Amino acid sequence: MYSLDDLGWNSFFSQQVTDSERARWQPARVVWEGRQRYRLSTGEAGWRAGLAGRLRHAAASRADLPAIGDWVLAALRPAEGSATIHRVLGRRSCFSRAAAGRSTDEQIIAANVDTVLLVTSLNRDFNLRRIERYLALAWESGARPVVVLNKADLCADPEAWRREMASASQGVPVLVTSALRGDGMPALMEVIGAAGTTALLGSSGVGKSTLINALVGDNRQAVRAIRDRDERGRHSTTSRQLVCLQGGGILIDTPGMRELQLWDAEDGLEHAFADVEALADGCRFRDCSHGGEPSCAVTAAVERGELAAERLANYRRLQREDDFLRSRHDESARLERTRKAKEIAKAVKLHYKLRRR
Ligand SMILES: Nc1nc2c(ncn2[C@@H]2O[C@H](COP(=O)(O)OP(=O)(O)OP(=O)(O)O)[C@@H](O)[C@H]2O)c(=O)[nH]1
Ligand SMILES: [Mg+2]
Ligand SMILES: [Zn+2]
């Protein structure tokens, strides 16, 4: 049995609810997300939920619809155990990417997250460049990132990897764990217990669900809620899910992502590459791209061996990607305005036509 507070409810959300809304609807948190289907928790009970037609129609983009971790207002039908979602409350933070294959639509990976664990494994999956990308998105989301290097049991010298990671993560805490052997679990538990809501992100197979199982321990209620294997028996998460730990702390499990395109990550990139940004103050040109311009302080640092060439290359790649996506968003916003203007013109025309009859 949980209370709304155990689920993360606080004044940031409660102050958004008007008296008339309070009279009709209940606050609930999205704890499972499928295709346009949801499961909500009000603390003491769980509810299957769909969207009110008005909410669906008013949504200009996918980002206006509920996502895992969202707080919503819903009409509950206790006899059926089901509910209808009428409003998504304003988010405190959200981790987004451009929807796969559609760079003009924002997809929310998890909402109202306080800490994101960027999980990678100490084997072939280990990739500093990917972590840099995740870090940019994490900083942009408003959540606090923590890097987790899992599967330490498969690696002869985890400490060497941790040191290498530390240079790419710019002061973000880096934890080394083995979900299998239990290494580093107390430190991880400490981060999670103090964090409110923690989302686990990372490629498929790095051990996100195994870490959650290890953290949940013998809490049977929560274990049952985790669908560790999908219908085909694969060891892989297919939907996003939120679970509460008995001792405090809320976890969001997500399926591994193959593609993680940036979404308006300008500030996030600045944060994730604070070292490059600081060096850039010394470039001769204010809009220096650090791609061979004269008197470039950034390429000078690479030549002196103070900045890894791969890190600079990744920074420039992510900057270009962000610029491109931003131009695409501006274009789609322009098209949307044109479409609206045409619709209004049509409605006005029809109005006069009917009046003339
Ligand atoms: N050796 C070792 N194997 C691990 C560890 N953690 C997880 N695994 C194994 O790695 C495989 C994948 O683990 P999952 O927890 O399903 O990975 P996931 O990140 O949730 O993957 P998706 O749900 O597909 O995104 C499983 O076979 C786990 O048993 C670890 O610390 N050490
Ligand atoms: Mg999983
Ligand atoms: Zn430069």
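Counting convention: from 1, in listed order, for ligands and their atoms alike. Owing to the predicted nature of the structure, the values given are computational and were not obtained by experimental measurement.
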**Q** For the residue pair W25 and H86, categorise the inter-ring angle as parallel (less than 30°), tilted (30 to 60°) or perpendicular (more than 60°).
**A**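 Correct class here is parallel.
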
**Q** Does T210 bring an N, O or S atom to under 2.8 Å of the Mg ion (ligand 2)?
**A**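 No, outside the cut-off.
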
**Q** Would G205 count as a polar contact of ligand 1, with the cut-off being nitrogen or oxygen pairs under 3.5 Å?
**A** yes

**Q** Classify the contact between S204 and ligand 1 as side chain, backbone, both or neither, using a heavy-atom distance cut-off of under 4.0 Å.
**A**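 Within the 4.0 Å criterion, S204 contacts ligand 1 through backbone and side-chain atoms alike.
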
**Q** Would you mind telling me if ligand 1 is within reach of the side chain of D153, the backbone, both or neither, using heavy atoms under 4.0 Å?
**A**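 It is the side chain that touches ligand 1; the backbone stays farther off.
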
**Q** Hey, is ligand 1 close enough to A152 that some N/O pair sits below 3.5 Å?
**A**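 In this structure, A152 places no N or O atom under 3.5 Å from an N or O of ligand 1.
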
**Q** Mind checking whether L180 contacts ligand 1 via backbone (N, CA, C, O), side chain (CB onward), both or neither, at a 4.0 Å heavy-atom cut-off?
**A** both

**Q** Hey, is the main chain of T197 close enough, under 3.5 Å, to the side chain of D114 for a donor-acceptor pair?
**A**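 A pair under 3.5 Å: yes.
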
**Q** Starting from the C-alpha separation in whole Å, work towards a yes-or-no answer on salt bridge (Lys or Arg N to Asp or Glu O under 4.0 Å) for R39 and E33.
**A** CA-CA 7 Å; R39 249 199 302 280; E33 183 189 345; over 6 Å; no

**Q** Is the shortest side-chain N to carboxylate O distance from E293 to R284 below 4.0 Å?
**A** no

**Q** For the Zn ion (ligand 3), what is the closest N, O or S atom on H290?
**A** ND1

**Q** Please answer whether the main-chain N or O of A63 pairs with a side-chain N or O of S61 as donor and acceptor at a distance below 3.5 Å.
**A**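 Checked: pair present.
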
**Q** Identify the heavy atoms of A214 and M185 that sit nearest to each other, and give their distance.
**A**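 In this case the closest contact between A214 and M185 is CB-CE, 3.6 Å.
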
**Q** For V206, which part has a heavy atom under 4.0 Å from ligand 1: side chain, backbone, both, or neither?
**A**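 It is both parts that get close, each with some atom under 4.0 Å.
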
**Q** Nearest 10° is fine: what angle sits at the Zn ion (ligand 3) between SG from C288 and SG from C296?
**A** 110°

